[in-house]
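Atoms within a ligand are numbered from 1 in the order they appear, just like the ligands themselves.
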Amino acid sequence: MKRIVYGTLDGLSKAQINRIENLYNVKSPPEYILSREAAMEIAGISRDIRRQVGLLLDRNGKVICVIAGEPHRIVIPVTPDFQPGPGRLKGLRCIHTHLSHESLTRDDLTDLALLRLDYITAICLNADGTPGPVYSAHILPDPEAEPYSVLPGTSIDHLDIDCQAQILELESELSRHNRRHRPETGRENAFLINAATQDISSAHISMDELKELCKTSRINVVGTAIQQRKKIDPKFVVGKGKLSELIIKAIQNYATMLVFDRELSPSQIRSITDFVEMKVIDRTQLILDIFAKQAKSSEGKYQVELAQLEYMLPRLITKNTAMSRLTGGIGGRGPGETKLEVNRRRARERITRLKKEIKKIRKQRTQQKARRKRRALPVISIVGYTNAGKSTLLNTLTQSRIIAANRLFATLDPSSRRLRFPRDKEVIITDTVGFIQNLPKELLEAFHATLEELEQADVILHVIDISNPRYMQQKETVDQLLKSLNLDKIPMLYVFNKMDRVDLDNFDSPWLLNQGILISAHKKSSLTPLVEKLEAMV
Ligand SMILES: Nc1nc2c(ncn2[C@@H]2O[C@H](COP(=O)(O)OP(=O)(O)OP(=O)(O)O)[C@@H](O)[C@H]2O)c(=O)[nH]1
Ligand SMILES: [Mg+2]
């Protein structure tokens, strides 16, 4: 780092500034939190300028950074050369002055935990300006315990605490814990955050589903928090103070990623990623990610990539600090064109390409459809919430082997099969992508063509997994989506699936079951009433 004074020097005399700059020459042995002389000097300067003064020291006791603060706080600058890895500390300790006898503040402890400082120490000034009590704190490695420990107050005569050895010991304990909690390669440890402005029960429902989405995406959930608020914070979703608290909890649980159970606006993504040294994603990105992993056909892949790009384009950002380095840098790019602009331009070009490709495939499909129409077979389309058992039903009905799996969005590509009814009538039966609450609008747009095909349906089979505790909400989500796609005019049949997994005598909404047909999609014998009903409908 540059040997400049960080913070504010406004209103200070040349002599005062000189004295502060000279703090870079301070020598402090590694066993000491800070040598007595150095402690005397920062207390002296602090008394003189009536503001806090801070130092960042590396593990050898070398001053890496001098900070001139305000009367009640210092702002610790970004230190790109000292980034704490997983299970590691920052390699820097912060020693600063307090103008009164106040012990470590909440902000001090938040800095300690968020920045993963080796130590944080406050040297308090007595009323006469001499150095008074000294307070220190360090992080605790145990996820079950408090995040940090504040040591009993001492004085500047007792800063020889074998500091370096203590930090190393703490760090080795941290890395032992980290090894135990570390995710397997290719996985992440995620901490999930839901900000609830309405009733808490729907927040819980949504959070349960987010956990399932994580499972499908091979993400370990190491902690969750539902935060009730009157209003969503426009910058930090849950407010900066709360967010700090949650991040500390996340770090403590060895999380490598934060997942927000809502769609983050571009400015929220920006403020949060500027604030935290951790991967941050939202519900939409998670769904997009699952779609991307699951897409098989080229059309499906194009559609997902298009949705991802459309979603990312306004969110393509770099960190504030990195931004200034990028824009200030010299490079082979056109004058004034930053990497960000290049990325944006590439994304836009790719979007245009993808739209063309999708259009081409769509045209071929329309021709196929026309052919099918000539044969005039009725079409039955299976829709429903993801994981309801749509593909299983199609498989059992038509003895096919479409992928059916206990994960969300197993099916992205529509498939059609012929079904011959007992009385020799033939129909086409199609399976489609599953629905979900708050389906990202980019995905809805990208999958429009797929969903459009539903318009051709003569009958819609709406499959509902009644063994899922959220079945009612899921049914409503699908009903609403069908309505928004103008499909609610097509004759629809409710199919209540997975009856083998529920105790029907004690089912909580027995009236509902009268509105459709009960089945077990993987048991052919249970499908007879459904087949009879369908035959009558087409
Ligand atoms: N117990 C039980 N499990 C079922 C039944 N029908 C489906 N399943 C299981 O539910 C899971 C999801 O089934 P799928 O057919 O893949 O569900 P889907 O609606 O096609 O899901 P997506 O394609 O992800 O939207 C699978 O593990 C199935 O084996 C049933 O009647 N009873
Ligand atoms: Mg499926």
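Using a 4.0 Å cut-off between heavy atoms, Lys390 contacts ligand 1 through both its backbone and its side chain. Contacts between Ser467 and ligand 1, counted as non-hydrogen atom pairs separated by less than 4.0 Å, are absent for every part of the residue. Of the heavy atoms in Asp500, only side-chain atoms (C-beta onward) come closer than 4.0 Å to ligand 1. Here Leu408 has backbone heavy atoms under 4.0 Å from ligand 1, and that is the only part of it that gets that close.
Ligand 1 has a nitrogen or oxygen under 3.5 angstrom from a nitrogen or oxygen of Ala521. Considering backbone and side-chain atoms together, Phe409 places an N or O closer than 3.5 Å to an N or O of ligand 1. Of the polar atoms of Arg501, none of the N or O atoms is found under 3.5 Å from an N or O of ligand 1, judged by distance alone. No N or O atom of Ile519 sits closer than 3.5 Å to an N or O atom of ligand 1.
Within the listing of ligand 1, atoms 22 (P), 23 (O), 24 (O) sit less than 4.0 angstrom from a heavy atom of Ala410. Counting the atoms of ligand 1 from 1 in the order shown, those under 4.0 Å from a heavy atom of Arg407 are 24 (O). Residue contact check: Ala404 has heavy atoms under 4.0 Å from atoms 14 (P), 15 (O), 16 (O) of ligand 1. With ligand atoms numbered from 1 in the order given, ligand 1 contributes 6 (N), 7 (C), 13 (O), 14 (P), 15 (O), 28 (C) to contacts under 4.0 Å with heavy atoms of Thr392. Of all atoms in ligand 1, numbered sequentially from 1 with element shown, those under 4.0 Å from a heavy atom of Thr386 are 22 (P), 24 (O), 25 (O). Of all atoms in ligand 1, listed by their number and element, those nearer than 4.0 Å to a heavy atom of Thr411 are 20 (O), 22 (P), 23 (O), 24 (O).
The neighbour count for Lys425 NZ, taken as heavy atoms of other residues, nucleotides or ligands under 6.0 Å away, is above 12.
Among Arg187, Arg182, Glu188, the single residue meeting the side chain to side chain donor-acceptor pair (under 3.5 Å) criterion with Thr256 is Glu188. Exactly one residue among Ile382, Leu493, Val478 makes a side chain to side chain contact (heavy atoms under 4.5 Å, CB included) with His462. That residue is Val478.
At a 4.0 Å cut-off, not a single heavy atom of Gly384 sits close enough to ligand 1 to count as contact. Under a 4.0 Å heavy-atom criterion, Lys523 is not in contact with ligand 1.
When only modelled atom types and interatomic distance are considered, Gln437 and Thr477 share no side-chain donor-acceptor pair under 3.5 Å.
For the pair Val259 and Ala190, the tightest heavy-atom approach, listed with the atom from each and the gap, is CG2-CB, 3.8 Å.
In this structure, Phe507 has its ring center under 6.0 Å from that of Tyr471.
Relative orientation of the Phe409 and Phe291 rings is tilted, given thresholds of 30° and 60° on the angle between their planes.
For atom 9 (C) of ligand 1, the nearest non-hydrogen atom from the set Gln294, His522, Lys498 comes from Lys498.
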